[in-house]
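Quick notes on the structure that follows.
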Amino acid sequence: MQPRDEYLRFGDACLRHREEGAGPVVVFVHGWTLDLDAWEPQAAALSRDFRVVRYDRRGFGLSGGEPGLAADVRDLAQVLDRLAPARPVVVGHSQGARVALACALAHPGRLTGLVLDGPPDQAGAAADAGDGDFSLAEYRDLVAARGVDAFRDAWRAHPLMRLYSAGPDAVRLLSCMLARYPARDLASPEPAPAPADAAALARLTVPVLVINGEFETISRRRAADALVRALPEAEHVILQGAGHLPNLDDPDAYNGALRAFLDRRARAAA
């Protein structure tokens with residue numbers, strides 16, 4: 001039976017969320033232009049043994065509210081308090097990895113594990129030309145000049161959105177999520193987030209799994225390498241034949257790496 005969507009109200013935002021399964025809790029935080037459906041292959045595989053919680057970040061998918069990374073961190077903390085009172089593992093992809101890491105830093109001891117999939121640069125450094133990342137300012141200008149559909153066409157062609165080995169179902173899923181993306185964060189930009197504090201990263205003792213696809217962009221591989229060096233208890237997994245969306249490119253390999261990490265964390269927390 002397909003799990004029912006429900007809604008959580010946090011201040012001015014009403015967040016769509018979905019949960020299924022029973023057992024140790026895993027909370028999934030999606031990346032930019034995506035929504036909770038991005039985790040469909042993981043929910044299907046993991047909900048047999050875990051309680052899987054996923055939600056649309058404010059201003060994304062079918063959630064209301066004004067988007068913003070600072071609000072995202074507060075929302076995640078409230079999701080944990082309401083839906084995952086036990087210490088969960090949080091999985092964040094891309095921009096969602098930034099949210100997950102910031103929440104872990106703000107609430108030490110709240111998590112039993114952290115998975116950072118394709119994390120962006122945490123130091124706030126500008127991307128080098130040609131390294132495969134992108135400029136939000138350019139996309140904001142594109143939306144202002146030519147509208148959201150023009151942005152969607154441009155973003156669909158970006159290396160970060162490329163699927164390398166995924167089947168047609170994943171291609172359709174990605175297309176549906178992009179069509180739902182309302183681009184509110186491009187219409188009303190917020191200030192850039194403060195750089196992650198190196199000393200705080202060094203104090204984060206929660207076990208961390210960092211994931212990249214083999215064909216991940218240069219900037220994201222550099223960001224992942226920097227995090228693995230900075231975090232006291234981090235491991236790095238490279239999934240062959242996948243890009244920036246490895247959970248859709250190769251769900252079996254992704255779920256295998258994730259399950260191995262989750263099983264270790266569940267045993268340690270028992």
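Keep in mind that what you see is a predicted model, and the values were worked out from it rather than measured.
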Could you give the side-chain donor-acceptor pairs of residues 150-157 under 3.5 Å, partners two or more places apart or in another chain?
unit_1	atom_1	unit_2	atom_2	d
Arg152	NE	Leu178	O	2.8
Arg152	NH1	Asp149	OD1	3.1
Arg152	NH2	Ala179	O	3.2
Arg152	NH2	Tyr181	O	2.5
Asp153	OD1	Arg156	NH1	3.1
Trp155	NE1	Thr33	OG1	3.0

For this session: May I have the step-by-step check of side chain to side chain contact (heavy atoms under 4.5 Å, CB included) for Val52 and Glu19, ending in yes or no?
Result: CA-CA 5 Å; Val52 174; Glu19 57 179 295; over 6 Å; no
Quick one: do [X] and [Y] end up in the same hydrophobic cluster if we chain Ile, Leu, Val, Met, Phe, Trp and Tyr together by side-chain heavy atoms under 4.5 Å apart?
X: Leu111; Y: Val91; result: no
X: Val143; Y: Phe134; result: yes
X: Leu209; Y: Leu114; result: no
X: Tyr139; Y: Leu174; result: yes
X: Leu34; Y: Leu136; result: yes

Can you measure from [atom1] ([X]) to [atom2] ([Y]) and round to the nearest 0.5 angstrom?
X: Tyr164; Y: Leu245; atom1: OH; atom2: CG; value: 10.0 Å
X: Leu8; Y: Ser63; atom1: CG; atom2: OG; value: 8.5 Å
X: Leu258; Y: Gln42; atom1: CG; atom2: CD; value: 7.0 Å
X: Leu105; Y: Arg110; atom1: CG; atom2: CZ; value: 15.0 Å
X: Ser94; Y: Trp32; atom1: OG; atom2: CH2; value: 9.5 Å
X: Leu227; Y: Leu116; atom1: CG; atom2: CG; value: 6.0 Å

Can you name the nearest heavy-atom pair linking [X] to [Y], along with the distance?
X: Asp5; Y: Arg16; answer: OD2-NH1, 2.9 Å
X: Ser47; Y: Glu20; answer: CB-CG, 3.8 Å
X: Pro246; Y: Ile211; answer: CG-CG2, 4.3 Å
X: Leu204; Y: Pro232; answer: O-CD, 3.2 Å

With a cut-off of 3.5 Å and sequence neighbours excluded, list every side-chain donor-acceptor pair involving residues 67-77.
unit_1	atom_1	unit_2	atom_2	d
Asp72	OD2	Arg57	NE	3.1
Asp72	OD2	Arg57	NH2	2.9
Asp75	OD1	Arg58	NH2	3.0
Asp75	OD2	Arg58	NE	2.6
Asp75	OD2	Arg58	NH2	3.4

Problem set entry | Full working for side chain to side chain contact (heavy atoms under 4.5 Å, CB included) between Val25 and Leu80 | CA-CA 10 Å; Val25 181; Leu80 298 182; over 6 Å; no
Exercise. Would the number of heavy atoms belonging to other residues, nucleotides or ligands and lying under 6.0 Å from CZ of Arg146 be above 12?
Worked result: no
For this session: Report the C-alpha separation of His236 and Asp225 in whole Å, then their side-chain angles, then the decisive distance to 0.1 Å, and conclude whether the side chain to side chain contact (heavy atoms under 4.5 Å, CB included) test is met.
Result: CA-CA 8 Å; His236 196 185; Asp225 290 341; 3.3 Å; yes
For this session: Any pair with a residue in residues 245-259 that passes salt bridge (charged side-chain N to carboxylate O under 4.0 Å, His left out), sequence neighbours left out, goes on the list, sorted by first then second residue, please.
Result: Asp49-Arg259
For this session: Would you please test Leu262 and Val26 for side chain to side chain contact (heavy atoms under 4.5 Å, CB included) and show each step?
Result: CA-CA 8 Å; Leu262 293 174; Val26 189; 3.8 Å; yes
Could you check if a side-chain atom of [X] sits within less than 4.5 angstrom of a side-chain atom of [Y], using non-hydrogen atoms only?
X: Val210; Y: Val237; value: no
X: Phe50; Y: Asp263; value: yes
X: Pro119; Y: Leu101; value: no
X: Ile238; Y: Gln240; value: yes
X: Leu62; Y: Asp35; value: no
X: Leu248; Y: Pro41; value: yes
X: His158; Y: Leu160; value: yes
X: Val27; Y: Leu83; value: no

Exercise. Any idea how His93 and His244 line up, ring-wise: parallel (<30°), tilted (30 to 60°), or perpendicular (>60°)?
Worked result: tilted
Exercise. In chain order, what residues pass the salt bridge (charged side-chain N to carboxylate O under 4.0 Å, His left out) check against Arg4, with sequence neighbours excluded?
Worked result: Glu6
For this session: Quick one: list whatever passes salt bridge (charged side-chain N to carboxylate O under 4.0 Å, His left out) with Asp141, sequence neighbours left out.
Result: none
Exercise. How far apart are the C-alpha atoms of Arg54 and Glu40, what are their side-chain angles, what is the distance that settles it, and do they pass the salt bridge (charged side-chain N to carboxylate O under 4.0 Å, His left out) test?
Worked result: CA-CA 10 Å; Arg54 45 192 169 134; Glu40 198 65 33; 3.0 Å; yes
Problem set entry | Ring centres under 6.0 angstrom apart (Phe60, His30) | yes
Problem set entry | Tyr55-Trp39 aromatic ring centre distance below 6.0 Å | no
Do side-chain atoms of [X] reach the backbone of [Y] as a donor and acceptor pair under 3.5 angstrom?
X: Asp56; Y: Leu36; answer: yes
X: Glu214; Y: Gly241; answer: yes
X: Arg87; Y: Gly109; answer: yes
X: Arg265; Y: Pro207; answer: no

Exercise. Is any NZ, NE, NH1 or NH2 atom of the basic residue among Glu66 and Arg184 found under 4.0 Å from an Asp or Glu carboxylate oxygen of the other?
Worked result: no
For this session: Give a yes or no on whether a salt bridge exists between Arg180 and Asp37, defined as a side-chain N under 4.0 angstrom from a carboxylate O.
Result: yes
For this session: Tell me, please, which residues at least two apart from Ala198 pass side-chain contact (heavy atoms from CB on, under 4.5 Å).
Result: none
Seminar exercise, completed: Paired with Asp133, the salt bridge (Lys or Arg N to Asp or Glu O under 4.0 Å) test is passed by just one of Arg220, Arg222, Arg221, namely Arg220
